[in-house]
Amino acid sequence: MTTAVRKKLSANDVGTTGGHQAGILVPKEKQVLSFFPDLDKTVKNPRMKLVVFERESRERWEFNFIYYNNRLFGEGTRNEYRLTGMTKFMRAIDAKVDDILVFSRDENASFEVEIIRASTSSSLQIDGDTLVLGGGWTVIHSS
DNA sequence: AGCCATGCACCG
DNA sequence: CGGTGCATGGCT
């Protein structure tokens with residue numbers, strides 16, 4: 001069983017909006033969260049290093065999976081999951097708005113990322129149960 | 001809910 | 001001193 005999540009990239013995701021870091025927002029839907037490692041919600045802003053291999057080049061990257069949750073502690077307004085530290089990666093693969101990032105993982109294997117260019121995204125194949133969520137996210141379970 | 005933005009710290 | 005990342009708030 002392989003699980004994959006796809007995210008259509010926004011301008012902020014690829015780092016072209018003037019923000020100080022490229023990175024993407026991860027929705028709190030269970031289907032997406034369960035794909036990523038568990039973070040301890042009883043501590044403030046838990047984070048985890050995510051080792052990811054690019055599918056084509058086999059290059060190794062490290063992203064951060066963080067749960068900004070200061071709201072739960074009455075110290076702020078945040079209650080969201082984010083993937084950060086992706087600036088160099090986005091540049092290296094020349095990610096553009098509307099390109100799609102695919103994260104996949106099988107059983108206990110390490111994470112993989114693949115980019116699908118906007119120009120070819122119409123050829124996206126669906127070979128399992130797919131679940132389309134908001135924010136440009138799609139979850140795929142396939143065997 | 002999702003995307004955009006920024007003050008400050010740190011590091012080359 | 002310019003770029004990057006952390007943690008946070010803002011805008012729609």
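Just so you know, these numbers use all the heavy atoms, side chains as well, and skip hydrogens, waters and symmetry mates. So that the names make sense, note that chain A is the first sequence line, chain B the second, and so on, each numbered from 1.
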Spacing of A:Leu39 atom CG relative to C:dA7 atom P, expressed in whole Å: 13 Å
On the nucleotide C:dT8, are OP1 or OP2 found under 4.0 Å from the side-chain N or O atoms that A:Tyr68 carries? no
With heavy atoms of chain A within less than 4.0 Å as the criterion, where does contact along DNA chain B begin and end? B:dA1 to B:dC8
When you check the phosphate oxygens OP1 and OP2 of C:dT4, does a side-chain N or O of A:Arg91 lie under 4.0 Å from one of them? yes
A:Ile24 to A:Met90 - nearest heavy-atom pair and separation: CG2-CE, 4.4 Å
Lys NZ or Arg CZ of A:Arg105 over A:Phe35 ring: under 6.0 Å, within 45°: yes
Between P of C:dG5 and CZ of A:Arg47, the distance in whole Å: 11 Å
Residue from A:Phe65, A:Trp137, A:Phe36 passing ring-ring contact (aromatic ring centres under 6.0 Å, His included) with A:Tyr81: A:Phe65
Using a distance-only criterion (donor-acceptor N/O pair, under 3.5 Å, no hydrogens), is the base of C:dT8 paired with the side chain of A:Arg82? yes
Between P of C:dG5 and CZ of A:Phe89, the distance in whole Å: 14 Å
Select base, sugar-phosphate, or nothing to describe what A:Lys8 touches, counting heavy atoms under 4.0 Å on all strands. nothing
Value in whole Å for how far the C1' atom of C:dA7 lies from CG of A:Leu72: 15 Å
On DNA chain C, nearest-nucleotide positions of A:His20 versus A:Glu80: which is more 5'? A:His20
For A:Lys41 and A:Leu72, work out which heavy atoms get closest and say how close. O-CD1, 4.3 Å
Check the pair A:Asp129 / A:Ile140 against side-chain contact (heavy atoms from CB on, under 4.5 Å), numbers first and verdict last. CA-CA 6 Å; A:Asp129 294 343; A:Ile140 308 110; over 6 Å; no
Separation of C:dT4 C1' from A:Phe63 CZ (nearest whole Å): 15 Å
Between C:dC6 atom P and A:Glu62 atom CD, what is the distance in whole Å? 12 Å
Minimum-distance pair of heavy atoms, taken over all atoms of A:Asn70 and A:Arg78: OD1-N, 2.7 Å
Using a cut-off of less than 4.0 Å, is there contact between a side-chain N or O of A:Thr84 and OP1 or OP2 of C:dG5? no
Select from A:Thr17 and A:Leu133 the residue whose nearest nucleotide in DNA chain B is closer to the 5' end of that strand. A:Leu133
A:Leu25 CG - C:dA7 P separation (whole Å): 16 Å
Which part of the nucleic acid does A:Gly135 contact within heavy-atom distance under 4.0 Å: base, sugar-phosphate only, or nothing? sugar-phosphate
Closer than 4.0 angstrom, basic N to acidic O: yes or no for A:Arg117 and A:Asp98? no
C:dA7 OP1/OP2 closer than 4.0 Å to side-chain N/O of A:Asn70: no
Starting at the 5' end of DNA chain C, which residue's closest nucleotide do you reach first, A:Asn64 or A:Gly76? A:Asn64
Considering only NZ, NE, NH1 and NH2 on the basic side and carboxylate oxygens on the acidic side, decide whether A:Glu112 and A:Arg58 come within less than 4.0 Å. yes
Does A:Lys44 place a side-chain N or O at less than 4.0 Å from the phosphate oxygens OP1/OP2 of C:dA7? no
Measure from CG on A:Asn79 to C1' on C:dA7 and round the result to the nearest Å. 15 Å
